[in-house]
2 protein chains.
Amino acid sequence: MTQRPDDDEVLDRAEKAAADIRSSIISGQFTPGSRLSEQALGDALGVSRNTLREAFRMLTQEGLLVRRPHAGVIVAVPSLASIIDIYRVRRMIEVQAMRAAPPRHPAGRQLASAVEAALAARAAGDWAAVGTANMEFHRAIVSLADSARLDRVYANVSAELRLAFGIIDDPEYLHAPYVDRNASVLRAHEEGRSGDAADELDAYLIQSERTLLAAYARRDRDAAR
Amino acid sequence: MTQRPDDDEVLDRAEKAAADIRSSIISGQFTPGSRLSEQALGDALGVSRNTLREAFRMLTQEGLLVRRPHAGVIVAVPSLASIIDIYRVRRMIEVQAMRAAPPRHPAGRQLASAVEAALAARAAGDWAAVGTANMEFHRAIVSLADSARLDRVYANVSAELRLAFGIIDDPEYLHAPYVDRNASVLRAHEEGRSGDAADELDAYLIQSERTLLAAYARRDRDAAR
DNA sequence: ACACGAAAGATCGTTCAACAACTTCCCTCC
DNA sequence: GGAGGGAAGTTGTTGAACGATCTTTCGTGT
């Protein structure tokens, strides 16, 4: 399902380490601001310091890690500015991809199956799976643009976004309201109403941003005690 | 002028090496497809193989280098697909940034001075400087969107584009036609006609893409003898 | 002459050890 | 309780080493 036999999936150890760290960050095991020691993490992942440093370089460029000279790398700490910026990029890419989407694009299948998966997961009460399906839905939207570079940019932004999602611990609150909206966007797209689909998506993203910003402000206030 | 005292410009050796290699690629000293040996290049830049590898990792993520497992890295070879993709990204970002540009944005000054620089350079017959001013003009357009992430993405795409420009050896042919169009876009922007500015820019980019694709096809045909 | 295949050579992938430069932490002193 | 200073720990960077893998060369057979 997730395999891509045509793609050259020969990962070297640095790439594997980067993938490991990335998923640890996204899953919340490494919390924002926490320091990653080269020695300790290298031992844990079974790679040398040099190799780990290559992984750090990649993740730093992706914005998931931040380097502080001579003081190690830390997991990036989402800020109000970064959340706003991420949504700016999302809106620019997703809305335009949807608006210009050709009718029978192959990615349409992926959109549909992501919506199906989200509905099924919601019925089962599996909110984590709802979240995964939701992310997949938006990834598929971007792939409507048929641009390898946009896909890559979006993958990065998406990882940063999940990092920011970490400030909300309730996945239901985070993803539940959007399952039906996804379905509505999909319907508009399938019926050839690309403009409607794009407009709905835009409103959707604006609201999603507001929700996240509000949660951030709330947590910030609480953290200040 | 190019200094940014507020920015943390403490470059470690890997970043310096990456910057060196980047400019060598952009300037055409390292031609597409040529192989970069770790040993030789490390000696030339005065860095160890491990450090150079970190630089390679960054440049590979930027799309300027391509890793072939166990066979070293080569300078990325522009393809028809990559040119098309780069322009797709440019249009998406630049046109929308221009369309949504607020009236008195600080970057407006940069737009104006880039146009001035291009005019002066053209009058002096310095086509390389015209090219630099042209790239700066577009960078300023993107910065109208006030998005750190878009700025970053554009910087990458811009470097890839310059790599593709390398297939045209005549900078006059490459940049001359666009000086006046830049000025026209600027005028529309300054007069508050953002829509017009965006439309002109769109047409501009489409034509620029055609020119480059034509040059590519021509060179491809010639290369095949 | 040319295709094929195997051995030799070169390069990559990765680790380890070492050391200077720099931070951080802790302890002492005022 | 805060300032200062030193010890301990980490990062930045290098050089050497070695197995794995690719490239080139060379020889052989048709």
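By convention in this document, chain letters (A, B, ...) are assigned in the order of the sequence lines, proteins followed by strands, and residues within each chain are numbered from 1.
- The separation between B:N50 atom CG and C:dC12 atom C1' is 12 Å, rounded to whole Å.
- As a whole-Å value, the separation of B:D43 CG from D:dT14 P is 11 Å.
- For the pair B:R13 CZ and C:dA20 C1', the computed distance is 13 Å after rounding to whole Å.
- Aromatic ring orientation, B:H175 versus B:F165: perpendicular (interplanar angle above 60°, classes split at 30° and 60°).
- What separates CD1 of A:I74 from P of D:dT11 is a distance of 13 Å, to the nearest Å.
- Looking at the side chain of B:D12, the nearest of the listed nucleotides D:dG12, C:dT14, C:dC12 is D:dG12.
- Residue A:G42 is classed as having no contact, given no heavy-atom separation below 4.0 Å to the nucleic acid.
- For a distance-only test at 3.5 Å, the side chain of B:R67 fails to qualify as a donor-acceptor partner of the base of C:dG13.
- At whole-Å resolution of the value, CD in B:Q39 and C1' in D:dT14 are 13 Å apart.
- With D:dT23, D:dG15, D:dT10 as the choices, the nucleotide that has an atom nearest any side-chain atom of B:R35 turns out to be D:dT23.
- Between B:A118 and B:V179, the closest heavy-atom pair is CB-CG1, 4.1 Å.
- The CZ-P distance, from B:R68 to D:dT21, rounds to 17 Å in whole Å.
- Side-chain N or O atoms of A:S82 include none that pairs as donor or acceptor with a backbone N or O of A:P78 at under 3.5 Å.
- In this structure, A:E38 places its CD atom 5 Å from P of D:dT11, rounding to the nearest Å.
- When each of A:V47 and B:F56 is assigned the nucleotide of DNA chain C bearing its nearest heavy atom, the one mapping closer to the 5' terminus is B:F56.
- Salt-bridge annotation for A:D151 and A:R139: absent, with no side-chain N of the basic residue lying under 4.0 Å from a carboxylate O of the acidic one.
- In the interface, the side chain of B:R49 is paired with the base of C:dT14 through a donor and an acceptor atom under 3.5 Å apart.
- For A:H70, the side-chain atoms get nearest to C:dT23 when compared with the rest of D:dT14, C:dT23, D:dT23.
- Taking the charged nitrogens against the carboxylate oxygens, B:R90 and B:E209 have no contact shorter than 4.0 Å, which rules out a salt bridge.
- Note: CG (B:L41) to C1' (C:dA10) measures 17 Å, nearest angstrom.
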